[in-house]
There are 2 protein chains.
Amino acid sequence: MTLPAKPIPAASQPNGSGASRQGDGARAPVISIRDLKAHCSTCSMRELCLPVGLNAEELRQVETVFGNRVKLRKGDSLYRAGEAFSSLYAIRIGSLKTTVLAEDGREQVSGYHMLGDIIGLDGIGTDHHGCQAVALEDTEVCVLPFERLEDLARNMTALQHNLYQFLSREISRDHHIMLLLGSMRAEERLAVFLLNLSDRYRRRGYSSTEFVLRMTREEIGSYLGLKLETVSRLFSRFQETGLIQVQGRAVKLLDPAALKQLVGQRS
Amino acid sequence: MTLPAKPIPAASQPNGSGASRQGDGARAPVISIRDLKAHCSTCSMRELCLPVGLNAEELRQVETVFGNRVKLRKGDSLYRAGEAFSSLYAIRIGSLKTTVLAEDGREQVSGYHMLGDIIGLDGIGTDHHGCQAVALEDTEVCVLPFERLEDLARNMTALQHNLYQFLSREISRDHHIMLLLGSMRAEERLAVFLLNLSDRYRRRGYSSTEFVLRMTREEIGSYLGLKLETVSRLFSRFQETGLIQVQGRAVKLLDPAALKQLVGQRS
DNA sequence: GATGCAGATTGATCTACATCAAACTTTCGG
DNA sequence: CCGAAAGTTTGATGTAGATCAATCTGCATC
């Protein structure tokens, strides 16, 4: 099931550039690249990430524990379902999808994660990753060895609490996706998806009305419990009715209010 | 939105008896009933619950923190969405459903919890409960004040780890429900539901093939993203094909293997 | 700049499940 | 023990979204 590890030429591409497509699903080795140690104090995601609310001295301590960074190219797996769990990962740059798979091989996108997000949380309970994490573009994550995180949390109330909060928020998010999957029409699902992205981009200081989707129609469909054709049709319909403007993966929300209103509407 | 609190006559009914139906959705006050303090050391759910793996001395400490017990009658709410969060709850006797609700009022069952389960985990992240918990029968829970739990966890590695694990496992469970809601046919969903119950009853020492459902067809449907009529038809069909035997809420699994095989099958 | 291929769009048709409807059964308060 | 209400079953019909299929578009590689 697991492809052989394939080393990545260290720091071959500054992230965000037009790095060459890899897309072979290679496993990303956890490599420490020169002095690319995590530096939370200067990280732009400081206020959204795990160390939120820590003071300078605490930040310094946390940095000593937050291990190396890992670079991923588009299509690389950060971890796979079933692998031994040892670390959480904080996304510094880029984005990943996580997918769960059923016994019969069916696969479903269970999450769409962007910078500042912590992933790998579902591995704590069983000591094995319960899903696969795949980079959707060139991506960089900080490695957070969980045992050391636990140790540190014991003497740092704020960090301890942040950890509980991150886990808990993931649960809340999942509950809302369950609501979406269980009781919303296709149209509503896509609207919720777009509004959620909009909100997350806004909180990260990016435009909340113009962004580029990192997932294919098929991946979005999988995430929303729909088929790719349905997703495509909905994008077209939303464009026709003046709600959005779409050009492939590039989306512009023209009328977010109307999009919001659409949620919770009868057919 | 919140109904006025309504006191419950203390310990009017030994649990499990034919306690009179209440069903008015009354709010259960957190009452401490005489000396009904939690006693993990003698609790039958010790091995499944939060204190799993603690030694005798640790257990003793935990007991001092695990507050009072609360009794609920069928239909009572343990907490409601939006209420301030302060405690987790460990189910001692009985069962509860949790429901999330969308802005437009739509409600969906997000969980079906039985003895040994810890509920309220989604409140940690926001300091407010994200869902409502309603007793499905006469039920008793232990109150675990979260702040004191956090304090205790700082000096008790095993408890700290258990807490993280419980949170993480809830995430894994939710991911699997997302998989179910997003990509399984109605038949498969009900089969997974029944097999999951079977497994949970087995691990609690009850029969894994004969049990009584505590939810209505409508609640089961809501949980599985189906309509009550569909659930009812599926029960009938499963009975016709000899997979199960149903009599209202009483279910007997006649062929669990076939039920398992059904999952992941094309139409 | 040509070529190949993954991804996207759009149309026609099918179907699993929802919806509407009616009868039946169980539960529970009085 | 009766009657109302809640819950369940079963049938007839409707429909949102799936499936099948064909074409189109963009972008990565040579």
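Numbered from 1 within each chain, the chains take letters A, B, ... in sequence-line order.
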### Query
Is there a donor and acceptor pair, one atom on the side chain of Arg217(A) and one on the base of dT10(C), closer than 3.5 Å?
no
### Query
Hey, what's the ring geometry for Phe193(B) with Tyr223(B), parallel, tilted or perpendicular (30° and 60° as the breaks)?
perpendicular
### Query
Once the angle between the rings of Tyr206(A) and Tyr201(A) is folded into 0 to 90°, is it parallel (under 30°), tilted (30 to 60°) or perpendicular (over 60°)?
perpendicular
### Query
Does a side-chain heavy-atom distance below 4.5 Å link Val70(B) with Val143(B)?
yes
### Task
Whole angstrom is fine here: how far is it from CD in Gln247(A) over to P in dT25(D)?
11 Å
### Query
Between Lys227(B) (NZ) and dA21(C) (P), how many Å, whole number?
16 Å
#### Entry: Given dC17(C), dC28(C), dA8(C), the nucleotide with the shortest approach to the side chain of Thr230(B)
dC17(C)
### Sugar-phosphate only, base, or nothing, as touched by Thr216(B) at under 4.0 Å among non-hydrogen atoms
sugar-phosphate
#### Entry: Arg237(A) CZ to dG11(C) P, straight-line distance once rounded to whole Å
13 Å
### Query
Whole-Å distance between dT9(C) P and Ile220(A) CD1?
10 Å
### Query
Could one point to a donor on the side chain of Glu187(B) or the base of dC17(C) with an acceptor on the other under 3.5 Å away?
no
### Message
I need the single residue from Arg214(B), Arg73(B), Lys74(B) that forms a side chain to side chain donor-acceptor pair (under 3.5 Å) with Glu137(B). Which is it?
### Response
Arg214(B)
### Message
Given 3.5 Å as the limit, does a donor-acceptor pair link the side chain of Arg204(A) with the main chain of Leu115(A), or not?
### Response
yes
### Query
Rounded to the Å, how far apart are Arg185(A) CZ and dG14(D) P?
20 Å
#### Entry: Arg249(A) CZ to dA8(C) C1', straight-line distance once rounded to whole Å
10 Å
### Message
Expressed as a whole number of angstroms, how long is the span from Glu219(A):CD to dG7(C):C1'?
### Response
11 Å
### Task
Scan Gly221(B) against the nucleic acid and name what it touches under 4.0 Å (heavy atoms): base, sugar-phosphate only, or nothing.
nothing
### Query
Can you tell me how far C1' of dT13(C) sits from CZ of Arg233(A), to the nearest Å?
11 Å
### Task
For Arg189(A), report the nucleic acid contact type (base, sugar-phosphate, nothing); a contact means any heavy atom under 4.0 Å.
nothing
### Message
So, does Ser232(B) get its side chain near the phosphate of dT10(D), meaning an N or O under 4.0 Å from OP1 or OP2?
### Response
no
